[in-house]
Amino acid sequence: THADFQVPPLVDPVTDNAQVLSPAFKQRLNEALQALRSQTNTQMAVLIVPELGGVPIEMASIQVTDK
């Protein structure tokens, strides 16, 4: 069900709840994505989660987009 996947707070362009990225790389990627947005008005975000709670990735991505 949709309740099995909770969209985490999306504060920065990069949210890595699975801790896949090094802190230094995450910071550089955040800075690059913030610069992209300010220079081109294009918005891009990265969300890494450890699991989707049984929700198909398509459904989880819709939940993320809605939030």
Cluster link Met59 to Val7, ILVMFWY, side chain under 4.5 Å: yes

Can I get a per-line list of side-chain donor-acceptor pairs under 3.5 Å for residues 43-58, giving both atom names and the distance, sequence neighbours left out?
from, atom 1, to, atom 2, distance (Å)
Glu51, OE1, Gly53, N, 2.4

Between CZ on residue Phe25 and CG on residue Asn30, distance to nearest 0.5 Å: 10.5 Å

Side-chain (Gln63) to main-chain (Phe5) donor-acceptor, under 3.5 angstrom: yes

Asp66 CG: over 12 foreign heavy atoms closer than 6.0 Å: yes

Check: Leu33 and Asp12 side chains under 4.5 Å, non-hydrogen atoms: no

Single-linkage hydrophobic cluster Leu21~Leu36, side-chain heavy atoms < 4.5 angstrom: yes

Atom pair NZ/CD of Lys67 and Gln6 - distance to nearest 0.5 Å: 8.0 Å

Contacts of type side chain to side chain donor-acceptor pair (under 3.5 Å), residue Thr42, not counting sequence neighbours: Thr40

Heavy-atom closest contact (Pro8 atom, Thr15 atom, distance): CG-CG2, 4.3 Å

